Q: 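First, the structure itself, so that you have it in front of you.
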Amino acid sequence: MSDVSTGVAAKAATLVSFKNTSVTYPNGFTALTDVNLEFHEGEFIVVVGLSGAGKSTLIRTINRLVPPTGGDVNVLGTPIRNISDANLRKTRRRIGMIFQNYNLVRRSSVLANVLTGRLGDLPTWRALLGLYTKSDTDLAIKCLTRVGILDKAYNRADQLSGGQQQRVAIARALAQQPRILLADEPVASLDPPTAHQVMRDLKALSREEGLLTIVNLHFVDMAMEYADRVIGLHAGTVVYDGPGADMTEADFERIYQRKIRPDDMRGAAEH
Amino acid sequence: MTQKLRSTLILLVVTPVLLWSMAGMDVTPARIAAGFPRAATMLTDMFAHPDWEYWPIVQQRLIESLQIAALGTFLAGILAIPFGVLAARNLVRSPVPSTIGKVLLNAIRTFPEILLAYAFIKGLGLGAFAGVMAVAIHSIGMLGKLYAERIENVDKGAIEALTTTGASPVAIFRHCILPEVLPDFVSFVLYRFDLNVRSASVIGIVGAGGIGFILGLQYQAANYPRLGLIVIATIATVVVVDSISAKIRQRLA
Ligand SMILES: Nc1ncnc2c1ncn2[C@@H]1O[C@H](COP(=O)(O)OP(=O)(O)O)[C@@H](O)[C@H]1O
Ligand SMILES: [Mg+2]
């Protein structure tokens, strides 16, 4: 299993590199301190850590929802700390993002939601008139098929179950034709079987499309089950970086500042 | 403070104010007593024998009032969108445009409709068009404020999600904010239409077209049977419009 991923990762392009990156929020709180990391094409990375460790901040720095205040982050060849608005939008087009609460346009149809993934690449006048091209619609339908909910294309987004809504969100991200996929606690609102299904979907997509995928997870066992590479954060610093399987008792304690407990586990997949 | 003390204090304040107001209007028991029979005769003339011969003209003018209300509300419904966008706090980082927008909308809202009607009659001449403009301008105040508040309540998560796709602010407005707020905007417009049917009737009195115009005429002429028909028909129209619009708004919710 790991021979495929590590084999790819070894000679794969670097898509994201944190260089002495720090983030201090406007209120003066420093959420990331001197982070140095490189993420590559095709890698499936899981970030773990206690609540407040800086997982969301790390992931949100990549698409500059949170601007770095020290060092820089190079994303798809562009340093983003002082990037212009126009270039930021251009870079964001190739970065899909999935959220804990799905963040769909609730009153719009599933298809309309997936199509919004195309807006970045659409000329403004077309976006304004809602004139997607034939290839946009074809792509949206392909993405819906891919996540297995094409039959819901004309339902209102808010009529779907949580798991289905998260799949719509994944399809929306895929419609961007991204090279990077960010997922901030994507399964935290789902029951365990659905959570594992979504994780398997994300993993399969990452493999098949060669996507760099970075997922924040609260649960250690899930991280170890799916990750090619685990990043452990504690209080804004990276305290572990390596394959999940290599993680020792001491590594756990460095991340969690205590012995591992049952509630750090979500429960294994019901394969 | 005890309940009793508070009631006494209120009474001490309210009584002089009331007495002062009545003195200003020269209200005396004798005048009130004399007024009752006159009012009674007028009401009997109006409602016991309304002049049904006059119906065709009433009907025509009622329809004109409805048209003034509909066109004025429609114009306001469209024109209020830029004001609502300007006044919403969550679309741009700077608080300046939103503050300007809110001040503008409040100014529009506090400007009485009847004064607008007079102004437009001066500019456009007597008739329905002045009515349409008065209704439209006045309604922008309320609709713009409701629009802005609705936009401020749009789901932040969805806006953030589309921001991360690299969509432009214009595209986000069109595909994220508009779909969420539009049904509510329609509902606000329908509600405003209810109110405007009333105001379109009233501003006619000063010459801005519609049923109010003949209401003014018949009042001057002291033709109470005709006045009676006008009032009955207007109230009936308002009630019917209210209930239809309430039903539609329920559906939209
Ligand atoms: N916008 C913000 N302003 C100030 N502090 C913040 C902000 N967002 C997060 N923080 C703080 O930064 C720290 C890391 O937060 P976060 O990245 O959300 O952690 P995690 O996702 O691991 O729970 C927390 O202590 C949090 O309170
Ligand atoms: Mg978080």
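The structure displayed is predicted, hence computed values, not measured ones. Below, chains carry the letters A, B, ... as their sequence lines are ordered, and counting in each starts from 1.
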Q: B:Leu162 versus A:Arg172: any side-chain heavy-atom pair under 4.5 Å?
A: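 The answer is yes, as the side chains (C-beta and beyond) meet within the 4.5 Å cut-off.
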Q: For a quick test of reading the model, state the closest non-hydrogen atom pair linking B:Pro169 to A:Arg89 and the distance between them.
A: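 Smallest heavy-atom distance, with atoms named: CD-NH1, 3.9 Å.
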Q: Sub-4.5 Å heavy-atom contacts with chain B: which residues of residues 56-66 of chain A show up?
A: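 Near chain B, by residue number: A:Arg60, A:Asn63, A:Leu65.
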Q: Before accepting this row, confirm whether a basic side-chain N of the pair B:Asp184/A:Arg107 lies closer than 4.0 Å to the acidic partner's carboxylate O.
A: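 Looking at B:Asp184 and A:Arg107, the cut-off is met.
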Q: Does NZ in B:Lys102 sit with more than 12 non-hydrogen atoms of other residues, nucleotides or ligands closer than 6.0 Å?
A: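 Yes, NZ of B:Lys102 has more than 12 neighbouring heavy atoms, counting only those of other groups under 6.0 Å.
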Q: Under a 3.5 Å distance rule, please check whether A:Asn103 uses its side chain to pair with a backbone N or O of B:Gly157 as donor and acceptor.
A: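 Yes.
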Q: Could you walk me through whether A:Ile95 and B:Thr164 pass the side chain to side chain contact (heavy atoms under 4.5 Å, CB included) check?
A: CA-CA 7 Å; A:Ile95 308 173; B:Thr164 66; over 6 Å; no
Q: Between CG of A:Asp85 and OG of B:Ser168, what distance do you get to the nearest 0.5 Å?
A: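 So the gap between those two atoms works out to 11.5 Å.
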Q: Counting only heavy atoms not in B:Phe47, do more than 12 sit closer than 6.0 Å to its CZ atom?
A: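 Buried by this count: over 12 neighbours within 6.0 Å.
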Q: Taking every non-hydrogen pair under 4.5 Å, which of B:Asp155, B:Ile159, B:Leu182 racks up the most with chain A?
A: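 Highest number of pairs under 4.5 Å: B:Asp155.
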Q: Within the 4.5 Å heavy-atom criterion, are B:Thr165 and A:Arg93 side-chain neighbours or not?
A: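 Contact flag for B:Thr165/A:Arg93 side chains = no.
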Q: Could you look at A:Thr116 and say if it's the side chain, the backbone, both or neither that has a heavy atom under 4.5 Å from chain B?
A: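 For A:Thr116, backbone and side chain are both near chain B.
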Q: Taking the side chain as everything from C-beta on, heavy atoms only, tell me whether B:His175 gets closer than 4.5 Å to A:Val105.
A: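 They are not in side-chain contact.
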Q: Would you say that A:Arg92 contacts B:Thr163 through its side chain, given a criterion of any heavy-atom pair below 4.5 Å between the two side chains?
A: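 A side-chain contact under 4.5 Å exists here.
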Q: Tell me, side chain or backbone of A:Leu129 under 4.5 Å from chain B's heavy atoms, or both, or neither?
A: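 When you check distances to chain B, only backbone atoms of A:Leu129 fall under 4.5 Å.
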Q: Within a 6.0 Å radius of atom CZ on B:Arg89, are there more than 12 heavy atoms belonging to other residues, nucleotides or ligands?
A: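 No, because the 6.0 Å sphere around CZ of B:Arg89 holds 12 heavy atoms or fewer from other groups.
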